[in-house]
Amino acid sequence: LGDALKKNTNLTILQIHTNNINDKGTIVLSEALVINNSLTKLDLSKNNIGDVGAIAIMDVLKKNTTLKELYLFTNNIGNIGSNALLGALKQNNILKTLNLSVNKIGFNGIKEITEVLTHNNTLTELHLSKNNICSDGVIAIVDAFKQNIPLTKLYLNDIGYYRAITITIAESLIKNTILTVLYIND
């Protein structure tokens, strides 16, 4: 598949769900995607990808000029992998959708997310549901979108959100005029 992706210039969507390609397969795939300039949507959800695989995908985000949607939900990506992916978004001005739901991202992974949210001008949809972000992480994310970042959709379901921070969220929404979809529940 990696060799085919290096040469194929017609494929725009690649969805490889539940194939257990893990970190090793992700590295091989990422090497091809750095070269491929036709793919606009990549879905590698439910593939047992960890931090090593996420770091390989980071290189794709730094170099690929066509990928607009990246779905990595239900993997094993932790703070190190999410920080690598999000760090790449400081250089990437193409990606619009990133789904990291149902991974192992905790509060330490939020620091990079908030940094990216205030500096990246193209990411419009971010999914972080079912990670262990906790209320302090939610507050950090919400504080970032007070600045009217281009994010229009934010998904934070089942992340350890506590009702006590509802006021902080409400205050942020008053200042943000761009966000149109916000999913938060505990």
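All figures in this text were calculated on a predicted structure; none of them were measured in a lab.
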Asn83 and Gly109: which non-hydrogen atoms are nearest, and at how many Å?
-> OD1-O, 3.3 Å
Does the side chain of Thr74 reach to within under 4.5 Å of the side chain of Thr18, using non-hydrogen atoms?
-> no
Do the side chains of Val181 and Tyr155 get nearer than 4.5 Å, heavy atoms only?
-> yes
Does the Asn103 side chain pair with the main chain of Ile105, one donor and one acceptor, at a distance under 3.5 Å?
-> no
Would you give the length of the straight line joining atom OG1 of Thr122 to atom CG of Leu95, rounded to the nearest 0.5 angstrom?
-> 6.5 Å
Main-chain N/O of Gly53 paired with Thr26 side-chain donor or acceptor, under 3.5 Å = no
Can you tell me if Asn120 uses its side chain to pair, donor with acceptor, with the backbone of Lys90 under 3.5 Å?
-> no
Side chain to side chain contact (heavy atoms under 4.5 Å, CB included) between Leu44 and Leu29, intermediate numbers included | CA-CA 10 Å; Leu44 297 176; Leu29 191 60; 3.6 Å; yes
Roughly how far, to the nearest 0.5 Å, is OG of Ser38 from CD1 of Ile13?
-> 11.0 Å
For atom CD1 of Ile80, decide whether the heavy atoms of other residues, nucleotides or ligands shown that lie under 6.0 angstrom number more than 12.
-> no
Does the Asn47 side chain pair with the main chain of Asn19, one donor and one acceptor, at a distance under 3.5 Å?
-> yes
Non-neighbouring partners of Lys41 that pass side chain to side chain donor-acceptor pair (under 3.5 Å), sequence neighbours left out | none
Distance (rounded to the nearest 0.5 Å) between Leu61 CG and Leu98 CG | 7.5 Å
Asn76 side chain to Gly50 backbone, donor-acceptor under 3.5 Å | no
Within residues 22-34 or reaching into it, pairs that qualify as salt bridge (charged side-chain N to carboxylate O under 4.0 Å, His left out) - sequence neighbours excluded = none
Please work out which of the three classes, parallel, tilted or perpendicular, describes the rings of His17 and Phe73, given edges at 30° and 60°.
-> perpendicular
Evaluate the criterion side chain to side chain contact (heavy atoms under 4.5 Å, CB included) for residue pair Leu42 and Leu67; output intermediate values, then yes/no.
-> CA-CA 7 Å; Leu42 176 62; Leu67 193 62; 3.8 Å; yes
Give a yes or no answer on whether the side chain of Thr180 reaches the backbone of Thr152 with a donor-acceptor pair at less than 3.5 Å.
-> yes
Spell out, yes or no, whether Leu128 and Val102 are grouped together once hydrophobic residues are joined by side-chain heavy atoms under 4.5 Å, including indirect joins.
-> no
Cluster question for you: counting only ILVMFWY and a side-chain heavy-atom cut-off of under 4.5 Å, with indirect links fine, are Leu151 and Val138 together?
-> yes
Heavy atoms only: give me the nearest Thr66-Asn37 pair and the separation to one decimal.
-> CG2-O, 3.0 Å
Side chain of Thr114, backbone of Ala144: donor and acceptor closer than 3.5 Å?
-> no
Indicate if Val34 and Leu39 have the same hydrophobic cluster label, given that clusters are the connected sets of ILVMFWY residues with side-chain heavy-atom separations under 4.5 angstrom.
-> yes
Residue pairs passing the salt bridge (charged side-chain N to carboxylate O under 4.0 Å, His left out) test with at least one member in residues 61-78, sequence neighbours excluded, are Asp59-Lys63
Sub-3.5 Å donor-acceptor pair from the side chain of Asn8 to the main-chain atoms of Leu5, do we have one?
-> no
Any donor and acceptor pair, going by atom type alone, linking the side chain of Asn92 with main-chain N or O of Ile94 inside 3.5 Å?
-> yes
When rounded to the nearest 0.5 angstrom, what distance separates CD1 in Ile77 from OG in Ser101?
-> 11.0 Å
Shared hydrophobic cluster, Val60 / Ile27 (ILVMFWY, side-chain heavy atoms < 4.5 Å) = no
Of all heavy-atom pairs linking Lys153 and Leu179, the shortest is N-CD1, 3.9 Å
Before giving the answer on side chain to side chain contact (heavy atoms under 4.5 Å, CB included), spell out for Leu85 and Leu72 the whole-Å C-alpha distance, their side-chain angles and the decisive distance to 0.1 Å.
-> CA-CA 11 Å; Leu85 287 168; Leu72 295 168; 3.7 Å; yes
dist Ile141:CD1 -> Ser172:OG (nearest 0.5 Å) comes out at 11.0 Å
Taking the side chain as every heavy atom from C-beta outward, state whether Leu117 and Leu126 have any atom pair closer than 4.5 Å.
-> yes
Has the side chain of Asn79 got a donor or acceptor atom that lies under 3.5 Å from a matching backbone atom of Gly106?
-> yes
Treat each ILVMFWY residue as a node, draw an edge where side-chain heavy atoms are under 4.5 Å apart, and state whether Met58 and Val28 are in one component.
-> no
Could you state the interatomic distance from OG (Ser30) to CG (Asn36), rounded to the nearest 0.5 Å?
-> 12.0 Å
Check whether any side-chain heavy atom of Leu33 sits under 4.5 Å from a side-chain heavy atom of Ile57, and report yes or no.
-> no
